[in-house]
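A short worksheet on the structure shown next.
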Amino acid sequence: MIKRATAVLLTLSWCSFAGLSSSNLWASAAPAGVFESHADVGSVLHPGTLEYDRAKGTYIVSGSGENIWSTADAFFFVWKKVKGDALLAADISFLGEGGNEHRKAVLMVRQSLDADSVYADVALHGNGLTALQYRDEKGAATHEIQTQETQPNIAGTERLHIEKRGNFVYLLLGDGGKELHYSGASIQVPLQGTYYVGIGVCSHDKDAVEKAAFANVDLAADVAPAAKTTPYSTLERVTIASTVRHVVYVAPERFEAPNWTHDGTSFLFNRNGSIYRLPMSGGEPALIDTGFAKRCNNDHGISPDQASLAISDQSQGDNQSIVYIVPIEGGVPRRITQKSPSYWHGWSPDGKTLAFVGQRNDEFDIYTIPVTGGEETRLTTAKGLDDGPEYSPDGKYIYFNSERTGHMQIWRMRADGSGQEQVTLDDWNNWFPHISPDGAWMVFLSYEPDVNGHPENKDVMLRIMSLSDWKMSDGKMSDEKVSDGKVNGGKISVLAKLFGGQGTINVPSWSPDSKAVAFVSYALVPDESPGKK
């Protein structure tokens with residue numbers, strides 16, 4: 001160690017440690033402040049350094065490395081081994097001009113020092129982006145949830161906080177007064193036994209070295225379980241090509257079921273019996289006037305011409321759900337279904353017909369009805385729940401979920417109810433199929449095999465299937481691909497894992513360009529986080 005005034009410079013030298021095993025490298029690094037040790041993780045060209053100002057309690061960290069991303073990481077890490085739950089917060093700022101806009105200064109929890117380890121981090125990027133990044137299986141790809149908030153002055157300081165509680169990791173942000181608030185980003189990451197918590201820097205350029213300061217560092221390990229939590233809802237959008245998730249709006253209350261307007265500018269969702277409009281860029285939601293309909297549920301949607309809104313409300317009569325239509329900007333509801341309960345789910349592309357779920361004689365089935373009202377037409381008669389009907393963009397088919405086989409799966413039928421055939425066949429309970437506007441994709445909600453119904457606050461997945469590369473025949477998936485040979489071959493892949501269920505994606509929520517899907521995730525955020533408001 002070489003003392004410089006009140007600072008201690010702790011540097012890993014490649015020459016000094018050449019020939020030593022990685023475990024010796026880790027063990028040789030001296031402790032500093034609240035941390036035990038430090039080391040480069042993964043393959044780097046320039047060893048990282050730690051300069052600890054004991055008087056100020058500030059850590060100046062430099063690091064190289066190509067990225068903290070994909071299936072393997074390369075960065076400089078300063079860490080402490082912990083058990084149980086842990087909290088880590090710091091004021092973070094980059095030092096020096098320029099640099100790669102994707103360089104990262106992170107707060108991290110990590111299972112091991114292997115480059116492909118399970119981990120989660122709160123990453124401040126050089127361009128001001130803040131994100132919760134995670135790898136939930138060893139060697140798997142990294143995913144991220146980007147927050148609404150970016151730092152306008154990238155040379156400034158931002159207070160960030162990572163919190164590991166049970167299997168969940170939360171990202172909290174500090175405002176100008178340094179009070180922390182939940183960002184809307186949380187994820188399950190399975191960290192077992194002893195794991196690492198610490199700070200790190202990655203240059204995002206294997207030939208460069210970047211430097212960041214971490215001040216006012218608070219680290220708490222083996223934290224007692226939270227005595228009280230606050231339920232939060234987060235409206236997110238996920239980009240299909242990258243699976244990157246973006247926080248749009250977060251609030252300490254329950255809201256549900258986003259629709260994406262056909263002009264791409266707004267989202268609609270239900271909260272406390274009312275329908276709200278939210279700009280795609282975020283901000284504050286505005287109430288849509290639905291007249292006497294004050295108990296709207298999460299089954300609502302927009303007409304093809306975007307002039308009208310179908311709602312399902314249970315404020316009248318026997319207080320069972322009835323389908324109404326109101327002007328998209330609000331107005332007096334016009335009743336469509338005479339029988340109840342009825343729950344809207346789909347609008348035909350020509351705007352003339354609604355598809356809904358009706359409970360009649362203790363059976364839930366799929367029905368259609370003209371938008372002008374009148375007689376309803378029953379399309380399904382199988383025993384067991386049929387739910388979530390939605391038209392394909394060409395109007396030829398209605399997709400829905402059914403438990404007629406004893407297990408909830410996705411089915412489809414022709415628009416007149418004929419030709420009913422099974423689309424998914426697996427161990428998951430699959431709900432609410434939504435078809436992209438270009439007809440190429442189907443996204444749906446999957447519960448664990450042992451879950452009955454579609455309850456809230458469960459571990460669920462959004463999964464996606466290519467509809468371009470398979471054909472249906474006699475209720476079975478054909479191995480024959482269509483001529484354009486697009487990706488996935490009809491196979492199902494995971495778009496997002498989240499805590500949710502009821503309210504997550506009950507209704508159509510594709511972006512008009514078929515590139516993204518909106519949904520709601522939920523979180524039970526501990527109230528005892530230091531400085532949290």
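Distance check, rounded to the nearest 0.5 Å: CG of D299 to CG of D387 gives 7.5 Å. Within the model, atoms CZ of R295 and CD1 of I311 stand 13.0 Å from one another, a figure rounded to the nearest 0.5 Å. Summarising the geometry, atom CD belonging to E163 is positioned 10.5 Å from atom CG belonging to L171; distances are rounded to the nearest 0.5 Å. Note that CD of Q133 is 7.0 Å distant from OG1 of T142, once rounded to the nearest 0.5 Å.
Nearest heavy atom pair, residue A355 against residue Y391, reads CB-CE1, 3.8 Å. Nearest heavy atom pair, residue P433 against residue M442, reads CB-SD, 3.7 Å. L278 and L235 make their closest contact through CD2-CD1, 4.2 Å (heavy atoms, listed as atom of the first residue, atom of the second, distance).
The aromatic ring centres of Y59 and F35 sit less than 6.0 Å apart. Centroid-to-centroid, the aromatic rings of F77 and F75 come within less than 6.0 Å. Taking the six-membered ring for Trp, H434 and Y399 have ring centres at least 6.0 Å apart. Proximity of the aromatic rings of Y196 and Y119 is defined here by a centroid distance below 6.0 angstrom, and this criterion is not met. Note: F432 and F444 fail the aromatic proximity criterion, with ring centroids not under 6.0 Å apart.
Residues Q146 and H246 bring a donor and an acceptor atom of their side chains to less than 3.5 Å of each other. Using modelled atom types and a 3.5 Å distance limit, the side chains of N67 and K206 yield no donor-acceptor pair. Inspection of the N429 and E448 side chains reveals no N or O donor paired with an N or O acceptor under 3.5 Å. Using modelled atom types, one finds no donor on one side chain facing an acceptor on the other under 3.5 Å when comparing N100 with D205.
Side chain of T243 to backbone of L495: no donor-acceptor contact under 3.5 angstrom is found. Counting only distance, with no hydrogens or angles, the side chain of S312 and the backbone of V323 share no donor-acceptor pair below 3.5 Å. Under the 3.5 Å distance criterion, the side-chain polar atoms of T130 are left unmatched by any main-chain donor or acceptor of L124.
Under the 30°/60° scheme for interplanar angles, the aromatic rings of H102 and H204 are found to be tilted. By the 30° and 60° cut-offs, the orientation of the rings of F269 relative to Y249 is parallel.
K164 meets the salt bridge (Lys or Arg N to Asp or Glu O under 4.0 Å) test with D85; sequence neighbours excluded.
Surrounding CG of N452 are at most 12 heavy atoms belonging to other residues, nucleotides or ligands under 6.0 Å away. At most 12 non-hydrogen atoms from other residues, nucleotides or ligands lie less than 6.0 angstrom from NZ of K352.
Geometrically, R412 does not engage F400 in a cation-pi contact defined by less than 6.0 Å to the ring centre and at most 45° from the axis. Judged by the 6.0 Å distance and 45° axis criteria, R271 is positioned over the aromatic ring of Y276. In this structure, R254 satisfies the cation-pi test against Y522, with its NZ or CZ atom closer than 6.0 Å to the six-membered ring centre and inside 45 degrees of the ring normal.
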